[in-house]
Structure formats: structure tokens, C-alpha cells
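Everything below concerns the one structure shown next.
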Amino acid sequence: MTTAAALAYTGHTVSCIDRNPEVLYSLSCGRAPFHEPGLKELLADGLLLSFGGWEIFDPLADAIFIAVATPGNPGGDANLSYVETVAEEIGRRIDKRANTVVVVKSTVPPGTARRVEAIISATLETRGISTNLSIASNPEFLREGTALYDMFYPDRIVVGANNELAVDTLRQMFTSILEQTFKPPAPVPRPQNYKLPVFFTTTPDSAELIKYAANAFLAMKISFINEFAGLAEHVGADITEVARGIGLDERIGRCYLMAGAGWGGSCFGKDISAILHTARQFNYDMYMLEATVKANLRQQESIIKKLQSELKVLRGTTIGILGISFKPGTDDVREAPFIAIARRLIELGAVVKAFDPVAIPSCRRNHPDLTVIYVNNAEEAAKNCDALVLITEWDVFSHLDYEKLGNNMKQKLIIDGRNALNPKTLIKNGFKYMGVGC
Ligand SMILES: NC(=O)c1ccc[n+]([C@@H]2O[C@H](COP(=O)([O-])OP(=O)(O)OC[C@H]3O[C@@H](n4cnc5c(N)ncnc54)[C@H](O)[C@@H]3O)[C@@H](O)[C@H]2O)c1
């Protein structure tokens with residue numbers, strides 16, 4: 001959706017095809033079907049965007065982006081059935097006069113661009129036609145919550161293709177982003193000192209692997225600082241200081257060094273599983289990735305341990321949780337640490353109350369079995385609780401009246417799972433404060 005919006009904003013005519021009528025209805029009413037800052041405003045900007053089913057497919061389009069989901073199969077490998085179905089649809093509908101680049105934007109394991117090409121060619125063969133069609137891999141690096149910013153002001157655009165036409169078409173398509181010649185959209189101003197992005201071309205296999213390596217590295221960085229956070233608690237150090245101290249080294253960098261309740265989201269977990277699955281096909285061990293996942297599970301469990309260390313038996317306690325989405329700025333709850341933590345608390349016999357500024361409807365929809373009591377605000381989450389746990393660092397949680405909140409709690413215990421709150425203020429208000437790694 002963000003690719004479509006950015007391409008339309010920079011002057012292209014874009015048709016967005018989806019098979020889900022609810023998604024289409026929402027978009028045709030100018031509403032994004034998920035929470036993403038700025039998207040609604042951009043959609044209201046009169047862009048050359050249309051929404052529909054396969055009937056709006058343009059058989060002569062210059063480029064066709066495949067951006068469907070690639071969720072994990074139970075065995076950990078990427079489920080490529082959506083990508084393959086779309087490849088078949090393209091083969092069935094493309095015009096023989098087409099001069100098209102099919103761009104795989106979904107996160108897919110190496111070899112998938114080749115597979116997409118083979119499926120389209122086989123389908124064209126059954127139609128008895130051939131076209132001038134090329135394939136490119138163009139992995140997506142956006143972060144939910146800042147998706148438009150990342151789309152308009154990327155660090156790099158990676159294109160994997162074996163053919164000049166594909167590279168040239170994509171370079172041309174992204175020219176105004178590459179050269180920053182567009183007028184910045186109101187909701188996403190251009191940052192000062194922004195450097196033009198690199199247009200990085202490579203083979204499809206390498207482009208596909210770049211995406212997995214990027215996500216695995218970011219997850220590993222978070223797991224790394226979380227592992228040190230656990231040690232910091234033992235030795236009496238402050239992980240926020242440690243992170244600042246190492247992040248000032250440009251070789252390390254400051255980003256993705258925030259200790260907390262663990263990483264989640266639609267991508268890190270499933271992408272690490274998928275690439276581990278690929279490695280296993282070659283009997284190749286990826287020790288660091290296995291440890292990245294293991295450390296993350298321990299990190300989620302560490303929140304439970306902190307509660308147990310103070311409350312002892314959790315059966316019969318009531319725990320208030322602030323934050324459900326896997327990060328602020330989105331209502332995405334896929335693999336959100338909240339889900340694992342809430343499930344474990346319920347398993348241990350606690351009653352869980354939770355509040356999130358935007359993610360309650362998507363949590364209800366995606367986890368109907370989760371017996372959490374959803375409440376309308378942080379005050380209700382805290383009321384009569386034995387402990388309050390912050391899991392998602394929405395800005396609003398930093399500005400609550402904790403004095404008032406504490407007075408309505410059974411016990412003034414707060415676990416700050418993101419080190420987002422001010423410990424001094426909380427301690428002054430009589431709270432027992434526990435952060436992560438400090
Ligand atoms: N969400 C992110 O932050 C992000 C970031 C980088 C890369 N990616 C990758 O982008 C891809 C899409 O992710 P997402 O989060 O947008 O997934 P999503 O599930 O939110 O959206 C995919 C859409 O594809 C539609 N679809 C599925 N099969 C279809 C078909 N046959 N015809 C038409 N429409 C079909 C679905 O209805 C759905 O609306 C994945 O491979 C993901 O790994 C996502």
C-alpha cells in the first residue's frame with residue numbers, strides 16, 4: 001500500500017489489486033485498513049490510485065509489483081503460495097504485446113524470482129503466447145509506524161535483476177525518490193540533512209538474501225543488547241548507559257540498541273525462521289540466528305520472572321498491561337511480545353487487563369481466544385492491579401498521571417518493559433520500579 005501511494009504521489013498511475021473485499025472497501029472509502037501515520041492524509045490527496053479485484057488488472061502495465069504476504073508455514077519456511085497464485089494470475093492475464101517488469105516486493109527466499117518467472121512462462125505457454133517480460137526483486141525495508149517516511153526517504157533501493165530493461169524501468173520509476181525531486185507530502189516532511197538514497201543493483205538471489213540478512217541483523221542487534229541487559233541486572237550496570245556508550249561508536253551505531261521486552265512484528269520472527277529453513281536445506285547451521293530467537297524468547301519470559309520475583313505466585317493476581325501492538329505507531333499485533341506475555345500470565349492464573357491506543361480491535365480480531373480484559377484507557381488498566389507492565393512504548397504512556405494511577409492500584413509495582421518511563425518520578429510517587437537491564 002505504501003509503495004502504491006508513494007508511486008502514485010510521484011506521478012505514476014497505480015492500480016491496487018487485492019482479493020480481500022474488506023481491504024478494498026476500506027481503501028475505496030479513503031481509509032487505510034490498518035493504522036499507519038500519514039497514510040490516510042496521503043490517500044485523501046487525489047492520487048492516481050484505483051482499488052479493485054483482478055478485473056482492474058492492466059495487461060499492458062509497465063510494472064507489476066507482487067507485495068502479497070509470505071507468512072511462515074508450520075515448518076518455518078516461507079509460505080509462497082500467495083506469491084505463486086499471483087504469478088499464475090499474471091501469466092493468465094498479461095497481454096502478448098506487454099513490455100512488463102514483474103517486481104517481487106514480498107520478502108521471499110532466494111530462488112523465488114526465478115520461480116515466479118517459471119510460473120508465468122509456463123502459464124503463457126498454455127496460452128500459446130510469449131511476451132517481453134522481465135523479473136526483478138525489489139525487497140522492502142520499511143518499518144511499520146514510519147512506513148511512508150521510509151518509502152519517501154529510504155537509505156537505499158535494492159533491485160535484483162538479470163536484465164537491463166528491468167533495472168532501467170525501476171530506476172526510472174523511482175527517479176523522483178532517488179533524486180528527491182518531489183514536493184514532500186504534508187504528513188511526511190523531508191528530513192534536514194537527508195542524503196540521496198543509493199540505487200543498488202545486484203542479482204535477484206542476492207537481493208532476496210539482502211532482505212533476510214537485514215532483518216536478521218536488526219533482530220540480532222536487539223537480542224544482543226537484551227542479552228547484555230540481563231547481565232547488567234546481575235552486575236549492577238545500567239544498560240541504557242551501556243547502549244549509549246557503544247552506540248556512539250560509528251562502527252556499531254545507535255539504532256536498534258534499546259533493551260526491552262523483546263522484538264516482535266510480522267517480519268523478524270517469520271523471516272528468521274524462513275532463512276533458517278533455507279540454511280537447513282544445505283545442512284548449514286546459523287548459530288547466531290538460532291541464538292537471536294532463543295534470546296528473544298528468554299527476554300519475553302524475563303518480564304514474567306520480574307513479576308514473580310515481586311509478587312511470588314501469580315495465580316489470583318491482576319496484571320495491567322500498557323501496549324499491545326508490537327511497536328508504537330501501528331496496530332499490527334503479529335508476533336507482538338504482548339501476546340506471548342499475556343498468554344503466559346493467563347496460563348499462570350493471573351487476570352490480564354490491557355490497554356492500547358489503537359491495537360485493541362486488531363488484537364480481538366486476530367486472537368479471539370486470548371482471554372484478556374480490554375479496557376478503554378490506562379487508568380482502567382491500572383485500577384485494582386497488583387502490577388502494571390508497559391510493553392509498547394506509545395508516547396502517551398510517558399505522560400500519564402502516575403500518582404493517580406498508583407493510588408488506584410492494589411500494589412504500586414511497575415515493570416517498564418521498554419525503559420520508556422522516568423524511574424525517578426515513579427519512585428517519588430511510591431512505585432517499586434523495575435526496568436530492563438537497569
Ligand atoms: N509489513 C511490513 O512491515 C513489511 C516490511 C517489509 C517487507 N514486508 C513484506 O511484504 C509482504 C507483504 O506484507 P504485508 O505485511 O503487507 O502483508 P498483508 O498480509 O498485510 O497484506 C498482503 C495483502 O495481499 C492480499 N493478497 C493475498 N493473496 C492475494 C491474491 N492472490 N490476489 C490479490 N491479493 C492477495 C491480501 O488480501 C492482503 O491484503 C510480505 O512478504 C512481508 O514480509 C512487510
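Just follow the structure's listing: the first ligand is 1, and inside any ligand the first atom is 1.
- The ring-ring contact (aromatic ring centres under 6.0 Å, His included) search around Y402 returns none, not counting sequence neighbours.
- With sequence neighbours left out, the side chain to side chain donor-acceptor pair (under 3.5 Å) criterion links K270 to T70.
- Ion pair R92/E88 flagged as a salt bridge, since at least one NZ, NE, NH1 or NH2 atom sits closer than 4.0 Å to an Asp/Glu carboxylate oxygen.
- When only modelled atom types and interatomic distance are considered, T203 and D205 share no side-chain donor-acceptor pair under 3.5 Å.
- Residues meeting the side chain to side chain donor-acceptor pair (under 3.5 Å) test with D332, sequence neighbours left out: R334.
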Give every pair formed by an N or O atom of ligand 1 and a protein N or O atom closer than 3.5 Å, one pair per line with both atom names and the distance to 0.1 Å, or write none.
from: ligand 1; atom 1: 1 (N); to: E144; atom 2: OE2; distance (Å): 2.8
from: ligand 1; atom 1: 3 (O); to: E144; atom 2: OE2; distance (Å): 3.1
from: ligand 1; atom 1: 15 (O); to: R334; atom 2: NH2; distance (Å): 2.9
from: ligand 1; atom 1: 34 (N); to: R19; atom 2: N; distance (Å): 3.2
from: ligand 1; atom 1: 37 (O); to: D18; atom 2: OD1; distance (Å): 2.6
from: ligand 1; atom 1: 39 (O); to: D18; atom 2: OD1; distance (Å): 3.3
from: ligand 1; atom 1: 39 (O); to: D18; atom 2: OD2; distance (Å): 2.6
from: ligand 1; atom 1: 41 (O); to: T70; atom 2: OG1; distance (Å): 2.6
from: ligand 1; atom 1: 41 (O); to: T107; atom 2: N; distance (Å): 2.9
from: ligand 1; atom 1: 43 (O); to: T107; atom 2: OG1; distance (Å): 3.3
from: ligand 1; atom 1: 43 (O); to: K270; atom 2: NZ; distance (Å): 2.6

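- The nearest pair of heavy atoms linking A8 to L47 is CB-CB, 3.9 Å.
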